[in-house]
Amino acid sequence: MGRSYLGEFEELVLLAVTVLNTGAYGVSIAEELRQRANRTISLSAVHIALYRLEEKGYVTSEMGGATLSRGGRRKRLFSVTTAGREMLAEIQQVRNQFWNAIITPAQS
């Protein structure tokens with residue numbers, strides 16, 4: 001099996017899960033994306049990306065406890081795997097190489 005690639009949105013969702021740590025679930029991830037990336041995203045788009053990331057082995061999920069505020073429903077909580085952290089580090093390294101290669105007017 002070849003290396004899995006991430007699209008920009010999947011990368012942002014994976015970053016949001018990493019930032020939120022133990023509190024990562026659909027609504028909190030969408031809110032994190034709204035605040036940090038200034039993007040309003042549908043909850044279904046977040047869930048689709050999360051399930052793709054889970055299939056690729058970059059996140060895992062488990063059901064949280066039921067709460068009265070959710071009418072007794074449980075949240076699916078997501079966390080980043082070691083492979084997910086390694087993918088983020090690799091993406092950051094590649095992006096940094098490109099940014100470092102840009103010649104600014106002061107350098108020319």
Side-chain angles (χ1 to χ4, degrees):
M1 183 180 196
R3 177 179 174 264
S4 294
Y5 291 92
L6 294 183
E8 179 206 10
F9 186 66
E10 287 178 325
E11 180 183 343
L12 289 174
V13 170
L14 186 55
L15 285 165
V17 172
T18 305
V19 166
L20 290 166
N21 199 12
T22 59
Y25 64 100
V27 172
S28 68
I29 293 165
E31 179 61 20
E32 192 71 24
L33 291 171
R34 186 190 67 72
Q35 288 178 3
R36 292 188 184 268
N38 197 28
R39 291 176 69 166
T40 302
I41 309 297
S42 74
L43 190 54
S44 61
V46 171
H47 282 124
I48 290 167
L50 285 167
Y51 296 135
R52 271 195 237 133
L53 291 167
E54 194 165 26
E55 285 175 5
K56 293 176 181 181
Y58 297 141
V59 299
T60 58
S61 67
E62 62 182 32
M63 295 304 290
T67 62
L68 290 176
S69 64
R70 293 179 44 84
R73 294 188 330 258
R74 298 166 57 181
K75 294 178 188 173
R76 180 166 295 278
L77 300 171
F78 292 85
S79 58
V80 178
T81 64
T82 300
R85 290 186 186 281
E86 289 171 356
M87 176 55 80
L88 286 175
E90 184 179 324
I91 290 169
Q92 182 181 27
Q93 181 182 12
V94 169
R95 289 183 187 270
N96 286 342
Q97 287 174 354
F98 274 102
W99 281 109
N100 293 335
I102 294 174
I103 298 173
T104 61
Q107 293 175 331
S108 49

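In this chain, numbering begins with 1 at the start of the sequence shown.
Applying the salt bridge (Lys or Arg N to Asp or Glu O under 4.0 Å) rule to pairs touching residues 14-23 yields nothing, sequence neighbours excluded. Residues in residues 11-26 take part in these salt bridge (Lys or Arg N to Asp or Glu O under 4.0 Å) pairs, two or more places apart or across chains: Glu11-Arg95.
In this structure, CD1 on Ile91 lies 12.0 Å from CD on Glu86, to the nearest 0.5 angstrom. Rounded to the nearest 0.5 angstrom, Leu14 CG and Leu88 CG are separated by 4.0 Å. Annotation: the span from Asn38 atom CG to Leu33 atom CG amounts to 11.0 Å, rounded to 0.5 Å. Separation of atoms OH (Tyr25) and CG (Leu43) is listed at 10.0 Å; rounding is to 0.5 Å.
Scored by the side chain to side chain donor-acceptor pair (under 3.5 Å) test, Ser44 finds Ser42 as partners (sequence neighbours excluded). For Arg39, the side chain to side chain contact (heavy atoms under 4.5 Å, CB included) partners are Glu8, Phe9, Leu12, Ala37, Ile41, not counting sequence neighbours. By the salt bridge (Lys or Arg N to Asp or Glu O under 4.0 Å) test, Glu54 pairs with no residue at all, sequence neighbours left out. Partners of Gln93 under the side chain to side chain donor-acceptor pair (under 3.5 Å) rule, at least two apart in sequence or in another chain, do not exist in this structure. With sequence neighbours excluded, the residues forming a salt bridge (Lys or Arg N to Asp or Glu O under 4.0 Å) with Glu10 are Arg52, Lys56, listed by chain and number. Under the salt bridge (Lys or Arg N to Asp or Glu O under 4.0 Å) criterion, Glu62 pairs with no residue at all, not counting sequence neighbours. Under the side chain to side chain contact (heavy atoms under 4.5 Å, CB included) criterion, Asn21 pairs with no residue, sequence neighbours left out. Listed by chain and number, the residues in a side chain to side chain donor-acceptor pair (under 3.5 Å) with Thr22 amount to none (sequence neighbours excluded).
Atom CG of Asn96 has more than 12 neighbouring heavy atoms from other residues, nucleotides or ligands inside a 6.0 Å radius.
With side-chain heavy atoms closer than 4.5 Å counting as contact, directly or through intermediates, the hydrophobic cluster containing Phe98 also holds Val94.
The shortest non-hydrogen separation linking Gly26 to Val46 is O-CG1, 3.9 Å. Listed here is the closest heavy atom pair of Ser28 and Gly23: OG-O, 2.8 Å.
A heavy-atom distance below 4.5 Å is found between the side chains of Arg36 and Val19.
Linking ILVMFWY residues whenever their side-chain heavy atoms come closer than 4.5 Å, directly or via other members, leaves Tyr51 and Ile48 in distinct clusters.
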Which atom pairs, donor and acceptor, lie under 3.5 Å between side-chain atoms of residues 78-85 and protein residues at least two apart or in another chain?
{"residue": "Ser79", "atom": "OG", "partner": "Thr60", "partner atom": "OG1", "Å": "3.1"}
{"residue": "Thr81", "atom": "OG1", "partner": "Gly57", "partner atom": "O", "Å": "2.6"}
{"residue": "Thr81", "atom": "OG1", "partner": "Tyr58", "partner atom": "O", "Å": "3.2"}
{"residue": "Thr81", "atom": "OG1", "partner": "Ala83", "partner atom": "N", "Å": "3.4"}
{"residue": "Thr81", "atom": "OG1", "partner": "Gly84", "partner atom": "N", "Å": "3.1"}

